[in-house]
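Working notes for the structure below.
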Amino acid sequence: MSAKAEPGGGQPTSALDTAVMRAMAHPARLALLEHLRNGGPATATECAGVVGLSPSATSYHLRALARAGLVEAAPGRGDGRERLWRITAGRYAVTGVADLAPEGREAYHALLESLLAWDDVRIRRYLSQLDAEPPEWQDAAFFMDSTLQVTAEELTTLSQAVYDLLEPYRKNRRTGLPAGTRTVSIAIRALPG
């Protein structure tokens, strides 16, 4: 099984490090990573408005992400008075879950809980504005639930196939975007049950 939190694109960076998983295991931090991935470098004050926290609370979370190597200070915009933050790596993957020590397993559980909470925030945000969405976007959005019969090896192959299918659409890969292109979040889970 692997869990992927994708702050950017590119090759996955291992998040097996317990400190990295713990740093990511907070919905506000996941929101910050998403904002920095989608919006580029930003100040704590700019990020605060996006994540609904005070600038000082946002700075705290940004510093925690920086200690884990997930964000870093970015070059300023010119006057040197504001501190910009940017994402450091493309994509994070937790692999080798079966081999995690108890401390790593605990961090992994916390990360999954935060990912679920963050997904819930995004879904509720979408539902709150559903009626304002243009009809073509209302029809294009989808929720899917399927039950599969697969082996662990087949599930691993399927996971890679889904990743490969999505790769050309990743935000950092596309240039010359067609008119009407929007950022869309997608969450896929394949869990034995």
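Side-chain atoms of L70 and L33, non-hydrogen and from C-beta on, do get closer than 4.5 Å to each other. A 4.5 Å side-chain heavy-atom check between R170 and Y163 finds at least one atom pair inside the cut-off. Residues R105 and V97 are in side-chain contact: their nearest non-hydrogen atoms beyond the backbone lie under 4.5 Å apart. Residues T181 and P178 form a side-chain contact, since some pair of their non-hydrogen atoms from C-beta on lies under 4.5 Å apart. Residues R182 and E133 have side chains in contact (heavy-atom distance under 4.5 Å, counting atoms from C-beta outward).
Hydrophobic clustering keeps L116 apart from M24 (ILVMFWY residues linked when any side-chain heavy atoms are closer than 4.5 Å, directly or through intermediates). Residues W118 and I123 are members of separate hydrophobic clusters, defined by side-chain heavy-atom contacts under 4.5 angstrom among Ile, Leu, Val, Met, Phe, Trp and Tyr. Side-chain heavy atoms closer than 4.5 Å link hydrophobic residues (I, L, V, M, F, W, Y) into clusters, and following such links, possibly through other members, connects I188 to L148. Using a 4.5 Å cut-off between side-chain heavy atoms of Ile, Leu, Val, Met, Phe, Trp and Tyr, with links allowed through other members, F142 and Y126 fall into different hydrophobic clusters. Side-chain heavy atoms closer than 4.5 Å link hydrophobic residues (I, L, V, M, F, W, Y) into clusters, and following such links, even through other members, never connects L84 to V50.
Other residues, nucleotides and ligands place no more than 12 heavy atoms under 6.0 Å from the CD atom of E153. Around atom CD of E113, no more than 12 heavy atoms belonging to other residues, nucleotides or ligands sit under 6.0 Å away.
Looking only at distances, no side-chain donor or acceptor of E103 sits under 3.5 Å from a matching main-chain atom of T18. A distance-only check finds no donor-acceptor pair linking the side chain of T45 to the backbone of P55 [under 3.5 Å].
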Stepwise side chain to side chain contact (heavy atoms under 4.5 Å, CB included) test for L32 and V71: CA-CA 10 Å; L32 287 167; V71 301; over 6 Å; no

Steps toward side chain to side chain contact (heavy atoms under 4.5 Å, CB included) verdict (E46, W85): CA-CA 10 Å; E46 292 164 343; W85 296 91; over 6 Å; no

Derivation and outcome, side chain to side chain contact (heavy atoms under 4.5 Å, CB included), residues L62 and L36: CA-CA 11 Å; L62 286 165; L36 293 173; 4.0 Å; yes

Full working for side chain to side chain contact (heavy atoms under 4.5 Å, CB included) between L155 and T151: CA-CA 6 Å; L155 187 55; T151 65; over 6 Å; no

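Remark: R125 CZ to S185 OG distance equals 7.5 Å, nearest 0.5 Å. For the atom pair R29 CZ and L111 CG, the distance stands at 11.5 Å (nearest 0.5 Å).
Donor-acceptor pairing under 3.5 Å is recorded for the side chains of S56 and S54. Judged purely by distance below 3.5 Å, without hydrogens or angles, the side chains of E34 and N38 never pair a donor atom with an acceptor atom.
For residues 31-70, the ring-ring contact (aromatic ring centres under 6.0 Å, His included) pairs, not counting sequence neighbours, are H26-H61.
A salt bridge links R189 with D119: the distance from a Lys NZ or Arg NE/NH1/NH2 to an Asp or Glu carboxylate oxygen falls below 4.0 Å.
Here R86 pairs with E72 under the salt bridge (Lys or Arg N to Asp or Glu O under 4.0 Å) rule; sequence neighbours left out.
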